[in-house]
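For reference, the structure is listed below as structure tokens.
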Amino acid sequence: MLKNGDIDIMGDLSYTDERAQYIDFANEEQGREYYYLFVREDRTDITATDLSTLQNARVGINKGSVQVDLFQEWFFLSFWFLQLSWR
């Protein structure tokens with residue numbers, strides 16, 4: 001939408017080298033990005049204090065989002081198995 005001119009301003013957009021080719025990102029820091037994992041209520045075995053409880057968990061991430069690469073990089077440095085569902 002932003003790239004093809006349908007809109008002029010867009011929020012909630014993470015920086016990538018590819019996007020920087022057609023988006024004028026601010027030179028000054030505009031804040032911080034935080035990413036959260038939301039867990040089904042019945043999966044009480046998954047905890048925020050023990051990341052090993054994510055082993056063998058099925059994780060859904062928005063296809064094409066920056067978070068895909070960030071999550072895979074973080075997870076593969078920490079654990080052995082991951083099944084992603086693309087939506």
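Residues take their numbers from the sequence shown, with the count starting at 1.
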Any chance CG of Asn27 has more than 12 other-residue heavy atoms, nucleotides or ligands included, within less than 6.0 Å? no
Arg58 vs Arg40 side-chain heavy atoms within contact, under 4.5 Å: yes
Atom OG1 in Thr16, atom CD1 in Ile23: separation rounded to 0.5 Å? 7.5 Å
